[in-house]
There are 2 protein chains.
Amino acid sequence: MSQEHSDLRRQQILGAARRCFVREGFHQTSMADIFAESGLSAGSVYGYFKSKNDIIGAIAGDVVAEIVRLLEPIMAAEPLPTWEEAIERGLVSASQVAFGDEGFGRLAPQVWAEAMRDEALRDVLGERYRRIHELIAGLVAAEQRAGRIAADRDPVDVAKVLLSVVVGYMLQRLLLGDIEPVVYARALSALARPGD
Amino acid sequence: MSQEHSDLRRQQILGAARRCFVREGFHQTSMADIFAESGLSAGSVYGYFKSKNDIIGAIAGDVVAEIVRLLEPIMAAEPLPTWEEAIERGLVSASQVAFGDEGFGRLAPQVWAEAMRDEALRDVLGERYRRIHELIAGLVAAEQRAGRIAADRDPVDVAKVLLSVVVGYMLQRLLLGDIEPVVYARALSALARPGD
DNA sequence: TTGTAAAGAAGGAACGTCCGTTTTACGGTT
DNA sequence: AACCGTAAAACGGACGTTCCTTCTTTACAA
């Protein structure tokens, strides 16, 4: 049995774990739940992951990686969108991630909470988020050259603000569930262009 | 011994629980931890709270209530601040809440995560957040009358965006720890006033 | 081609620990 | 003496993990 089969099994386990975590949360999910959902036995699962924390770590990493995967094509599109267009596309993606079948977005708050007390995970997340900052900062720099963002700010700082807007949207959507991406984007433009 | 003493004891327990939760998280904290931290015994604690979930619920409610308490004076100050001034003050407050002695802010991600899978808590939070939205919306409406925010948007929608900016700041501050309120506020103004 | 032995993957019962909660006995106050 | 709140031991159950068995696959020899 080879690498290929082994990877497949890992994915089988992670997929099952993700579904359980979405339903019940990291710490309300028992290993028995994961065994049942994956259709595998205890011994088998422990052959691929050395502990429950190991599985949680893998899932948490995937969640942020997924966000990077979604943002990448938006921030590097040809032709480059304006920052307002990019945000709106980001909001739509966030909305899909939050409510899509896989429910990755529903895990985000748990991942944040976990990272608050797990330094290793916080480091992983920190690296990924820095990647996201740079991704957005590239667009910000272009917008600064185009005169649509004040040029004397650090693009990364502006990127952090833009990321906040998307993250804040996702959180409010998840918890309160009463915002449409388009409406939200238009409200944002009310701040950026008071005269419009 | 009456109401007064009873309330005091409740506070004593909640304070201890909060310190434990900040250190270890809701689900990694055992009741024994809370007994030890509060200096009370099991029977005693269970005389005031009927379960661990009860304690978590009370703490979670307090966390959001604390946010309301901080935002209220900012959004209703005399004279009314501009929205940019208000945001900056909000960021400073968020920073204090996140890193202050009581560490209330450090519980926020956990509260969100908990609310994702507990409908009752989600309802409580929903109500509190609606209060926050209205608080901010009051300021937004004033700013719309002053011409600093486009007038044809729903003030509550704009309020949601502003809240995102603060919440997103707090989250990035907690997880990555590399943002100062003033720098962040100035980056925000780069979007609102590209010419500045 | 077939039988066999070795290796490794999967299964599932078993284990020790820990946890939330309850109950019972004690001590102080009125 | 009675009552109420507190302390601390005890309990039932659940949990993460391990360990030993069983089954499947594969390689090689007859």
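Quick note on labels: first sequence line is chain A, next is B, and so on, each numbered from 1.
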Worksheet item: Rounded to whole angstrom units, what separation is found between the CZ atom of B:Phe35 and the C1' atom of D:dG5?
Response: 15 Å
Worksheet item: Is it the case that A:Asp33 and A:Ser30 place a side-chain donor and acceptor less than 3.5 Å from each other?
Response: yes
Worksheet item: Phosphate oxygens OP1/OP2 of D:dG5: is one of them under 4.0 Å from a side-chain N or O of B:Arg9?
Response: no
Worksheet item: Between C:dA9 atom P and A:Asp7 atom CG, what is the distance in whole Å?
Response: 13 Å
Worksheet item: C:dT21 C1' sits how many Å from B:Lys52 NZ, rounded?
Response: 12 Å
Item to complete: Check the distance between C:dT17's P and B:Met31's CE and give it to me in whole angstrom.
Response: 23 Å
Worksheet item: OH of A:Tyr46 versus P of C:dA9: gap in Å, rounded?
Response: 18 Å
Item to complete: Ignoring hydrogens and angles, tell me if any N or O in the side chain of B:Gln110 forms a donor-acceptor pair with the backbone of B:Leu107 under 3.5 Å.
Response: no
Item to complete: Look up atom CD in A:Glu102 and atom CD in A:Gln96, then write down how far apart they are to the nearest 0.5 Å.
Response: 12.5 Å
Worksheet item: Closest to the A:Ala42 side chain: D:dT18, C:dA10, D:dG16?
Response: D:dT18
Worksheet item: Taking the six-membered ring for Trp, are B:His27 and A:His27 parallel (under 30°), tilted (30 to 60°) or perpendicular (over 60°)?
Response: tilted
Fill in: B:Phe49 CZ - C:dT22 P separation (whole Å)
16 Å
Worksheet entry | 5'-most by nearest nucleotide on DNA chain D - A:Asn53 or B:Ser44 | B:Ser44
Practice prompt. Could you check whether B:Thr29 gets within reach of a base, just the sugar-phosphate, or nothing at all, counting any heavy atom under 4.0 Å?
Written response: sugar-phosphate
Discussion item. Looking at C:dG11, I'd like to know if its phosphate oxygens (OP1 or OP2) sit under 4.0 Å from a side-chain N or O belonging to A:Ser41.
Written reply: yes
Discussion item. So, OP1 or OP2 of C:dA10: does either fall under 4.0 Å of a side-chain N or O from A:Tyr48?
Written reply: yes
Worksheet item: When the distance from CG of B:Leu40 to P of D:dA8 is rounded to whole Å, what number comes out?
Response: 11 Å
Worksheet item: When the distance from CD of B:Gln28 to P of C:dC18 is rounded to whole Å, what number comes out?
Response: 15 Å
Fill in: Sugar-phosphate only, base, or nothing, as touched by B:Gly43 at under 4.0 Å among non-hydrogen atoms
base
Worksheet entry | Side-chain donor or acceptor of A:Arg122 paired with backbone N/O of B:Leu175 under 3.5 Å | no
